[in-house]
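Letters A, B, ... are given to chains in the order of the sequence lines, protein chains preceding strands, and every chain is numbered from 1.
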Protein chains: 2
Amino acid sequence: MRLTQRDIARLARVSQTTVSLVLNNRTEASARIPAETRDRVLKVIRETGYVADPLARRLLQQRNQILGVFTYESVFPSASADFYHPFLSGIEESAEERGLDLLLFTSAPVTDGRRRVFHANNRLRLADGSLLLGRHIPTEELTRLVAEQYPFVSVGRRDNPDSSPPVPYVGADYVSATATLTEQAFELGHQRVAFVGPGEGAESSADRLLGFRRIAARGLHLPPADRALDDVLEELLSKNVTAVFVEDLADADALADAARRRGLTVPGDLSVVALGDASRPIPSDADYSGFHIPRKEMGRQAVGLLESILSGEPADPQQLLPCELVEGSTLAAPRGL
Amino acid sequence: MRLTQRDIARLARVSQTTVSLVLNNRTEASARIPAETRDRVLKVIRETGYVADPLARRLLQQRNQILGVFTYESVFPSASADFYHPFLSGIEESAEERGLDLLLFTSAPVTDGRRRVFHANNRLRLADGSLLLGRHIPTEELTRLVAEQYPFVSVGRRDNPDSSPPVPYVGADYVSATATLTEQAFELGHQRVAFVGPGEGAESSADRLLGFRRIAARGLHLPPADRALDDVLEELLSKNVTAVFVEDLADADALADAARRRGLTVPGDLSVVALGDASRPIPSDADYSGFHIPRKEMGRQAVGLLESILSGEPADPQQLLPCELVEGSTLAAPRGL
DNA sequence: GATCGAAGGTAATACGAATTAGCACGGCCA
DNA sequence: TGGCCGTGCTAATTCGTATTACCTTCGATC
């Protein structure tokens with residue numbers, strides 16, 4: 001049988017109110033408990049090992065010291081484990097420092113291949129506020145979250161739904177990072193460059209293409225999803241591309257590997273730039289030129305932003321963190337020069 | 001402003017009770033709501049997007065559909081990320097299938113270098129029950145959990161505190177796995193074998209040594225913690241050891257590497273057997289003989305056992321899963337044969 | 001024409017803690 | 001000897017939902 005404050009009160013021969021007052025160290029004028037009574041209550045509490053039911057507290061108070069974590073993909077999948085891990089690592093670190101627990105919404109049902117926040121029995125309110133992770137978050141979910149004024153922060157930039165208040169996020173500045181690398185390629189003498197990646201769908205994909213186009217307005221764009229990377233390579237070579245920018249490091253690695261199997265050298269014949277980290281484990285651990293996503297820091301800052309929102313402190317609700325550029329060894333001047 | 005059942009009731013011109021009955025699909029004789037009224041209520045619910053506050057429900061009900069996860073080390077540390085991940089992956093999978101959320105107790109304060117479940121404001125009761133992870137769990141914590149009848153399951157075998165009911169766990173059968181491998185070594189002709197690992201402290205360490213001693217009663221035992229692995233290698237060689245069993249794959253790798261640097265071959269001059277997976281990332285990915293810990297399965301089964309306990313179904317509270325033996329290429333007959 | 005039962009609800013209460021309002025008592029001052 | 005204040009508490013209420021116990025109306029039955 002669970003102990004309640006009433007039980008403690010009975011044992012200490014005081015009222016439930018007194019137990020609550022002692023427990024919360026209320027020493028104001030309105031609640032004067034002499035040391036003797038206080039000690040008696042504390043003694044019973046110690047002896048019984050009583051702890052207040054955190055849920056009953058929340059019913060009356062505002063905060064529960066729980067942050068929700070909602071991932072639009074599995075949190076601990078084997079495949080993308082390495083990719084998601086740093087985000088969670090940052091979130092956990094920050095939560096630990098702030099004395100917050102994390103609630104992973106693993107119960108959200110999967111419909112049409114995606115998880116959904118909103119379903120018949122959504123449990124968002126168990127947490128004070130939530131962090132949202134995932135490549136893509138459906139607009140209607142974002143709209144509704146904003147409309148209901150649920151406190152949340154997205155890890156990763158999100159497009160703003162029309163005519164709604166800004167969606168709070170902590171993202172990475174893919175546009176600048178990609179533009180910088182593209183510029184470097186031109187400065188090295190590359191003339192024909194290509195972008196391999198979806199370039200749309202998720203904001204992160206669109207942003208990279210945007211950064212690429214900002215410098216290489218008429219560079220080639222090849223979405224990789226619908227074809228084998230060998231075919232992609234084929235097309236790159238037939239169009240005399242000398243530097244290719246690949247969204248996913250795993251694809252970059254596969255592409256470089258395909259090139260080498262055809263007797264080409266990287267970066268001699270083809271420079272390969274990785275615009276981010278590997279979404280799946282890759283065999284080699286070559287030192288690719290490109291950038292890293294500040295994943296851990298994004299997690300940390302997202303917790304910070306959510307806390308600001310929850311505590312009502314003013315804070316910029318949309319933050320972009322710089323990506324860490326990696327010099328690497330796969331971007332160099334094209335052979336002809 | 002949050003919507004409550006009272007608000008819905010007002011809008012649908014019924015009582016709060018009726019809203020609750022409709023919401024919970026109560027169709028028994030004791031609660032007959034005609035379709036007309038039901039529809040009216042459901043319409044309002046749909047239009048307003050109302051969802052019941054999960055916390056208020058729990059106050060009355062027994063279950064909350066939340067499982068706690070308490071790790072005695074960080075959950076997402078960079079260092080042991082790869083080691084813990086599979087456990088969590090299994091836990092998540094199983095929780096998802098069962099419609100449970102996971103609460104990570106990241107708020108537990110660290111005292112004397114360890115996290116503790118029990119502290120002034122312990123939040124265990126937020127969850128229906130909890131899973132405990134970690135190399136070592138202090139006996140007093142286990143004793144108290146059992147004493148308070150808190151529903152929990154340990155991932156990993158735990159020694160039973162004296163005169164207490166059995167500690168529920170899902171562990172791995174390190175004893176058998178280690179014994180089997182030791183036996184294999186003897187059958188291959190090894191005469192002088194050694195065990196490298198603490199062999200005590202954590203149950204997992206003790207079990208491995210136990211399995212080793214079961215076959216090699218007088219084999220050498222070298223705790224690695226207090227010395228460099230080069231020293232350990234030195235001693236192994238001076239005692240003509242031809243097969244070494246290492247608790248941690250990371251140590252096994254380091255040891256094999258040290259051996260090679262001295263011009264020895266593995267397994268020619270020294271067989272190296274890894275009794276488990278790497279607790280930290282290792283540079284090479286050599287194909288070590290030994291076994292894998294069924295980490296993911298342990299996570300899955302732990303959730304299953306906890307569910308059984310929570311629902312009152314009978315189940316063996318102490319379960320050992322077999323380890324997956326790996327033939328590998330680092331255990332072979334000693335050179336002399 | 002009183003009784004009964006079913007239909008269609010609702011009022012009241014419980015869950016566990018926090019908060020608000022206020023009560024009883026004693027001492028001090030006028 | 002009455003009023004006032006400070007001390008040391010406690011009764012009552014609140015949060016949002018689920019449940020239990022009951023109430024009213026109406027038609028059928030005896």
Side-chain angles (χ1 to χ4, degrees), chain A residues 1-42 44-45 48-65 120-126 128, chain B residues 1-42 44-45 48-65 120-126 128:
Chain A
M1 243 289 291
R2 275 224 67 196
L3 283 172
T4 71
Q5 281 192 355
R6 205 189 309 285
D7 298 323
I8 305 299
R10 200 165 21 73
L11 291 171
R13 312 181 147 273
V14 294
S15 70
Q16 177 260 322
T17 306
T18 304
V19 176
S20 174
L21 292 175
V22 169
L23 220 51
N24 294 289
N25 255 313
R26 298 279 302 267
T27 44
E28 317 98 75
S30 61
R32 307 138 300 214
I33 313 288
E36 200 185 336
T37 308
R38 179 180 300 276
D39 290 346
R40 185 150 38 90
V41 173
L42 286 175
V44 175
I45 291 178
T48 54
Y50 166 83
V51 271
D53 182 333
L55 293 188
R57 302 184 103 147
R58 202 291 330 214
L59 212 50
L60 289 157
Q61 296 173 332
Q62 56 294 55
R63 293 281 315 255
N64 204 12
Q65 305 300 108
N121 247 41
N122 98 57
R123 312 186 11 109
L124 247 31
R125 297 278 169 190
L126 284 168
D128 297 334
Chain B
M1 244 287 292
R2 273 225 69 196
L3 283 172
T4 70
Q5 281 191 357
R6 204 187 309 283
D7 299 322
I8 305 299
R10 201 166 20 75
L11 292 171
R13 311 179 150 277
V14 292
S15 69
Q16 176 260 324
T17 306
T18 304
V19 176
S20 173
L21 292 176
V22 168
L23 220 51
N24 293 289
N25 253 311
R26 298 279 302 268
T27 43
E28 316 99 75
S30 61
R32 310 136 298 210
I33 314 287
E36 199 183 339
T37 309
R38 179 179 301 275
D39 290 346
R40 186 151 36 92
V41 173
L42 287 175
V44 175
I45 291 178
T48 55
Y50 165 85
V51 270
D53 183 333
L55 291 186
R57 305 186 101 151
R58 203 293 327 219
L59 212 50
L60 290 159
Q61 294 172 331
Q62 56 295 54
R63 293 281 315 259
N64 203 16
Q65 305 301 107
N121 247 39
N122 96 57
R123 317 198 352 123
L124 247 30
R125 297 280 169 189
L126 283 168
D128 297 332

Hey, are A/S20 and A/T17 close enough side-chain-wise for a donor-acceptor pair under 3.5 Å?
no
On the nucleotide [N], are OP1 or OP2 found under 4.0 Å from the side-chain N or O atoms that [X] carries?
| X | N | value |
| --- | --- | --- |
| A/T37 | D/dC9 | yes |
| A/T17 | D/dA12 | no |
| B/R32 | C/dG8 | no |
| A/Y50 | C/dA17 | yes |
| A/N24 | C/dA18 | yes |
| A/T18 | D/dT10 | yes |
| A/R58 | D/dC15 | no |

From [atom1] of [X] over to [atom2] of [N], roughly how many Å is that when rounded to an integer?
| X | N | atom1 | atom2 | value |
| --- | --- | --- | --- | --- |
| A/N25 | C/dA17 | CG | C1' | 16 Å |
| B/N64 | D/dT17 | CG | C1' | 13 Å |
| A/R10 | C/dA17 | CZ | P | 13 Å |
| B/L60 | D/dT17 | CG | C1' | 6 Å |
| A/I33 | C/dT19 | CD1 | P | 14 Å |
| A/L59 | C/dA14 | CG | P | 16 Å |
| B/R38 | C/dG9 | CZ | C1' | 13 Å |
| B/L55 | C/dC15 | CG | P | 18 Å |

May I have the list of side-chain donor-acceptor pairs in residues 33-40 of chain B shorter than 3.5 Å, sequence neighbours left out?
| from | atom 1 | to | atom 2 | distance (Å) |
| --- | --- | --- | --- | --- |
| B/R40 | NH1 | B/A12 | O | 2.4 |

Chi angles and distances behind the side chain to side chain donor-acceptor pair (under 3.5 Å) call for B/R125, B/N64:
CA-CA 10 Å; B/R125 297 280 169 189; B/N64 203 16; over 6 Å; no
Evaluate the salt bridge (charged side-chain N to carboxylate O under 4.0 Å, His left out) criterion for residues B/D53 and A/R58: first the C-alpha distance (whole Å), next the side-chain angles of each, then the deciding distance (0.1 Å), finally the verdict.
CA-CA 11 Å; B/D53 183 333; A/R58 202 291 330 214; 2.4 Å; yes
Look at all strands and tell whether B/V14 reaches a base, only sugar-phosphate, or nothing, counting heavy atoms closer than 4.0 Å.
sugar-phosphate
Assess whether atom CZ of A/R63 is packed by more than 12 heavy atoms of other residues, nucleotides or ligands within 6.0 Å.
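Yes - once you tally the heavy atoms of other residues, nucleotides and ligands closer than 6.0 Å, there are more than 12.
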Which of the following nucleotides, C/dT10, D/dG8, C/dA17, is nearest to the side chain of A/R57?
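When the side chain of A/R57 is considered, C/dA17 is the closest of C/dT10, D/dG8, C/dA17.
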With sequence neighbours excluded, tell me which residues meet side-chain hydrogen bond (donor to acceptor under 3.5 Å, both in side chains) with B/T48.
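Counting only residues at least two positions away or on another chain, B/T48 forms no side-chain hydrogen bond (donor to acceptor under 3.5 Å, both in side chains).
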May I have the step-by-step check of side chain to side chain contact (heavy atoms under 4.5 Å, CB included) for B/Y50 and B/D7, ending in yes or no?
CA-CA 9 Å; B/Y50 165 85; B/D7 299 322; over 6 Å; no
Does the C/dA17 base have a donor-acceptor partner in the side chain of A/T4 within less than 3.5 Å?
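There is none.
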Do A/Q16 and C/dA18 share a donor-acceptor pair, side chain to base, under 3.5 Å?
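By the distance-only test, yes, there is a pair.
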Relative orientation of the end axes in the helix from C/dG1-D/dC30 to C/dA30-D/dT1, expressed as an angle to the nearest 10° (five pairs per end):
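Rounded value for the end-axis angle: 90°.
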